[in-house]
Each structure stands twice: as C-alpha cells, then as structure tokens.
Visitor: 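First the structure, which I've put down as structure tokens, then a few questions once you've had a look.
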Amino acid sequence: MNLSIVQMNSEHIDDIEKLEKECFSHPWSRNDIAAQLENKNAHFLTAEVDGKVAGYIGIYELYESCEIANLAVTSDMRRKGIACELLKSAVSGAISRGRDFITLEVRESNTPAILLYTKLGFENAGRRKNFYTSPSEDAIIMTKYFKEKA
Ligand code: COA
C-alpha cells in the first residue's frame, strides 16, 4: 500500500465531504471543511493511498492543548492502519508545536474508534451525558498526555 500523509488542501475537499456524509449523522459541509484551510488553529491531514483520499484527521490547537475534531477512513480502506498513521502524524505535529496533551469525544457505542484511541495510549477521562444527537448518546472523553504529569 502506497500511503502518504499530507496537509489537507483544496483538492481534497470533495472527497472529504463525501466521507463525512458516509460516516456521520451530522456531517461537516463543504464550507465547514474549506474554512479549516484558513484557520490558524486547525491542523488537518489527509491520507492518500495511490494518490486517492483514503481518510483524514482534523485537530485544533490552543495554548497547551489540542482536540481531535474529526477522524475518518473510507470503508474500503479500514483495518489497514491508516487511522493509526493519521493519529501518529497529528500527535507528532502537535508535540513539535509545543502542545502538552490531546483530547477528544467519541460516541460510547463507537467501539472501533475507542479501541484505536486506547491502542495509541489515550485514557478514559470522563463522560458528557447526551452529548450527541441523531441518535442521542453519551460521549466518552479520552485524553493522552505527551509527557508525564508533574
Ligand atoms: N474493530 C475492532 N478494533 C478496531 C476496529 C474495528 N472495526 N477498527 C480499528 N480498530 C482498532 C484496532 O485496535 C486496530 O488495530 P489492529 O488492526 O492491529 O487490531 C486499531 O484500531 C488501528 O486500526 P486502523 O486500521 O488504524 O483504523 P482504521 O483505519 O480502520 O480507522 C476508524 C478506524 C474508527 C477511524 C474508522 O473505523 C472510521 O472511519 N470509522 C467511522 C468514522 C468514525 O467513527 N470516526 C471516529 C470518530 S471519534
């Protein structure tokens, strides 16, 4: 598999819009995705396999923290380690920009995503009651510190 992780650019937007619609009940619109290209706090990466969009990750960084906004891999490309590579690249970028920890929310029923984050060292940090709609569901908060807490 010829996998590259690259900065998201305007040529990826059509495919990412399609992927959002496939994966989420409240998908980001084309405008939401395009706006990230202008957002200084946003760091969005695209996974390309043989030049085709296979997944993407978006994180926001502010002061010492960062938050995963989106992560998705096309259904035909799952279980090949692509999300793992996207996350590792996002984390190493955040560390290089001086961030201390990364956090995210995930639907409590989303076992594949929870197992992925756990595999990469994220820990359960709490719950937000009824955070999601369509369907209504709690969010599990997961966090990973890049260095030991004092
Ligand atoms: N069942 C069990 N474990 C899974 C899994 C599944 N369906 N998918 C991923 N994992 C876990 C495993 O531990 C896996 O390691 P292994 O293959 O060595 O067992 C590890 O995650 C890494 O998997 P990887 O191949 O990198 O994940 P992926 O590229 O298939 O992408 C998602 C994982 C969650 C991003 C993908 O399923 C997806 O796009 N889902 C829809 C969108 C979504 O839910 N995004 C997350 C929002 S918080």
Side-chain angles (χ1 to χ4, degrees), residues 1-9 11-37 39 41-62 64-96 99-146:
M1 183 172 69
N2 183 12
L3 172 68
S4 331
I5 308 290
V6 300
Q7 298 286 334
M8 183 177 81
N9 65 49
E11 290 178 9
H12 298 137
I13 291 174
D14 285 347
D15 290 328
I16 291 175
E17 182 190 17
K18 203 165 126 211
L19 181 54
E20 277 281 318
K21 282 190 184 142
E22 279 167 19
C23 292
F24 301 113
S25 56
H26 297 287
W28 279 25
S29 70
R30 191 186 168 74
N31 285 348
D32 294 332
I33 300 159
Q36 308 312 317
L37 297 172
N39 181 346
N41 297 322
H43 297 272
F44 278 56
L45 300 173
T46 303
E48 294 180 344
V49 173
D50 298 324
K52 281 183 57 185
V53 171
Y56 90 115
I57 190 167
I59 66 171
Y60 292 123
E61 297 182 5
L62 199 59
E64 73 278 10
S65 71
C66 40
E67 181 180 6
I68 299 180
N70 320 48
L71 169 65
V73 171
T74 56
S75 51
D76 59 328
M77 283 291 164
R78 290 183 188 161
R79 294 313 288 272
K80 297 178 191 294
I82 293 175
C84 235
E85 290 307 313
L86 279 165
L87 257 171
K88 284 182 189 164
S89 295
V91 163
S92 85
I95 291 171
S96 74
R99 312 304 168 189
D100 289 344
F101 69 96
I102 187 163
T103 188
L104 60 92
E105 282 108 8
V106 55
R107 281 185 182 268
E108 71 173 337
S109 65
N110 193 345
T111 306
I114 291 171
L115 289 173
L116 162 73
Y117 298 129
T118 303
K119 183 176 176 181
L120 291 185
F122 287 71
E123 290 178 350
N124 190 325
R127 169 184 294 268
R128 293 194 209 285
K129 263 316 226 186
N130 297 319
F131 181 76
Y132 293 106
T133 56
S134 317
S136 168
E137 190 172 349
D138 291 0
I140 304 300
I141 304 165
M142 298 187 81
T143 298
K144 177 182 165 87
Y145 285 85
F146 302 144

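Counting starts at 1 for both ligands and their atoms, following the listed order. These numbers were taken from a predicted model, which means no experiment stands behind them. Values below: every heavy atom of this structure, side chains too, minus hydrogens, waters and symmetry copies.
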Visitor: Can you establish whether the number of heavy atoms outside Glu22 located under 6.0 Å from its atom CD is more than 12?
Guide: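 Check passes, neighbour count above 12.
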Visitor: Do Glu48 and Tyr56 meet the criterion of a side-chain donor-acceptor pair at a distance under 3.5 Å?
Guide: no
Visitor: Does atom CD of Glu64 have more than 12 heavy-atom neighbours, drawn from other residues, nucleotides or ligands, at distances under 6.0 Å?
Guide: yes
Visitor: State, without any angle test, whether Ser134 and Ser25 hold a side-chain donor-acceptor pair at a distance under 3.5 Å.
Guide: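 Side-chain D/A pair, Ser134 to Ser25: absent.
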Visitor: Suppose I only count heavy atoms of Ala83 and a 4.0 Å limit; which atoms of ligand 1 are within that range?
Guide: 26 (O), 27 (O), 28 (P), 29 (O), 31 (O), 33 (C), 35 (C)
Visitor: Output the list of atoms in ligand 1 that are nearer than 4.0 Å to some heavy atom of Cys84, sorted by atom number.
Guide: 26 (O)
Visitor: Between Arg79 and ligand 1, which part of the residue brings a heavy atom under 4.0 Å of the ligand: side chain, backbone, both or neither?
Guide: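 Both backbone and side chain.
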Visitor: Write out the residue and atom name of the closest protein heavy atom to atom 10 (N) of ligand 1, then the distance separating them to 0.1 Å.
Guide: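 Result: Pro112 O, 3.7 Å.
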Visitor: Of all the atoms in ligand 1, which lie at a distance below 4.0 Å from a heavy atom belonging to Asn110?
Guide: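 Counting from 1, the qualifying ligand atoms are 43 (C), 44 (O), 46 (C).
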Visitor: Considering the heavy atoms of Gly81, write down every atom of ligand 1 situated less than 4.0 Å from one of them.
Guide: 24 (P), 25 (O), 26 (O)
Visitor: Between Glu108 and Tyr132, is the side chain to side chain donor-acceptor pair (under 3.5 Å) condition met? List the steps.
Guide: CA-CA 10 Å; Glu108 71 173 337; Tyr132 293 106; over 6 Å; no
Visitor: Do Arg128 and Glu105 meet the salt-bridge criterion of a basic N to acidic O distance under 4.0 Å?
Guide: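 The answer is yes: the pair qualifies as a salt bridge.
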Visitor: Tell me the contacting part of Tyr117 for ligand 1: side chain, backbone, both, or neither, using a 4.0 Å heavy-atom threshold, strictly below.
Guide: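 It is the side chain that touches ligand 1; the backbone stays farther off.
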Visitor: If we only count N/O pairs under 3.5 Å, is Leu71 in contact with ligand 1?
Guide: yes
